[in-house]
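Here the structure comes first, spelled out in structure tokens, and everything after it is commentary.
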Amino acid sequence: MWIITDQFCEDPRSIRCRSLDFKELRRDRLKYRFRLICGDGEVCYEGLMDCDPDEPKTWATEDGPDDALLDFGRPTQGCCRVHVFTNGLWQEFPAY
């Protein structure tokens, strides 16, 4: 589950864009920050997700940062990279 919380590009519809499984009642589970980067290296969006990027998982069965990239960032702004905030730093998340 994920939600876009900030935008740094011209896309007035993006704030509060969310995954299909987003439930406001479960918003407190969104503990992990991510950001979507366009081909020019600019940060376009930041958001929150509920999956821990350090835990092994099957991305096809649980929303993760790649889902926000594929479902939202790539079609709207051409985002091609995901950064996840872990251990106090923004780190590039490997795409599939």
Side-chain angles (χ1 to χ4, degrees):
M1 182 171 74
W2 57 267
I3 188 168
I4 299 297
T5 56
D6 292 297
Q7 71 181 39
F8 305 97
C9 59
E10 294 183 29
D11 184 3
R13 302 169 305 180
S14 65
I15 294 296
R16 298 191 47 83
C17 185
R18 60 198 71 174
S19 60
L20 293 175
D21 64 346
F22 179 85
K23 302 280 188 246
E24 192 65 45
L25 294 173
R26 297 187 326 194
R27 186 184 179 107
D28 62 330
R29 292 177 49 192
L30 303 176
K31 298 178 182 178
Y32 304 98
R33 294 172 54 196
F34 68 91
R35 61 187 185 183
L36 304 178
I37 314 297
C38 72
D40 294 336
E42 300 290 324
V43 176
C44 292
Y45 306 102
E46 284 188 10
L48 295 169
M49 63 181 172
D50 65 348
C51 65
D52 183 347
D54 293 329
E55 293 294 318
K57 59 180 55 60
T58 304
W59 293 110
T61 60
E62 182 175 355
D63 281 339
D66 283 356
D67 294 304
L69 171 66
L70 295 174
D71 297 345
F72 176 73
R74 186 171 287 149
T76 60
Q77 293 294 322
C79 295
C80 58
R81 293 183 302 172
V82 178
H83 289 176
V84 177
F85 196 72
T86 56
N87 301 319
L89 298 171
W90 286 106
Q91 299 178 11
E92 187 160 350
F93 187 81
Y96 358 8

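Predicted, not measured: the structure shown is a model, and the values here were computed from it. Quick note: numbers below take in every heavy atom, side chains included, and nothing from hydrogens, waters or symmetry partners.
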Please report the interatomic distance [atom1]([X]) to [atom2]([Y]), rounded to the nearest 0.5 Å.
X     : Y     : atom1 : atom2 : result
Asp50 : Ile3  : CG    : CD1   : 11.5 Å
Arg35 : Glu92 : CZ    : CD    : 10.0 Å
Arg74 : Cys44 : CZ    : SG    : 12.5 Å
Arg29 : Met1  : CZ    : CE    : 5.0 Å

| task | Give the ring-plane orientation class for Phe34 versus Trp2, where under 30° counts as parallel, over 60° as perpendicular and anything between as tilted. | result |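 Aromatic pair Phe34/Trp2 classed perpendicular.
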| query | Under the salt bridge (charged side-chain N to carboxylate O under 4.0 Å, His left out) test, which residues partner Arg27, sequence neighbours left out? | reply |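 Applying salt bridge (charged side-chain N to carboxylate O under 4.0 Å, His left out) to Arg27 gives Glu24.
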[Y] side chain reached by [X] side chain, heavy atoms, under 4.5 Å:
X     : Y     : result
Phe8  : Gln77 : no
Val82 : Ile37 : no
Phe72 : Leu36 : yes

| What do the steps show when you test Arg33 against Leu48 for side chain to side chain contact (heavy atoms under 4.5 Å, CB included), and what is the final call? | CA-CA 5 Å; Arg33 294 172 54 196; Leu48 295 169; 3.6 Å; yes
| request: Measure from the side-chain N and O atoms of Asp6 to the backbone N and O of Glu46, and report whether any donor-acceptor pair falls under 3.5 Å. | output: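 Not confirmed, Asp6 side chain does not pair with Glu46 backbone.
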| request: Check the pair Met49 / Val84 against side chain to side chain contact (heavy atoms under 4.5 Å, CB included), numbers first and verdict last. | output: CA-CA 10 Å; Met49 63 181 172; Val84 177; 4.0 Å; yes
| Those residues that, when tested against Asp40, pass side-chain contact (heavy atoms from CB on, under 4.5 Å) (two or more places apart) |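 With neighbours one apart ignored, the set is Cys38, Glu42.
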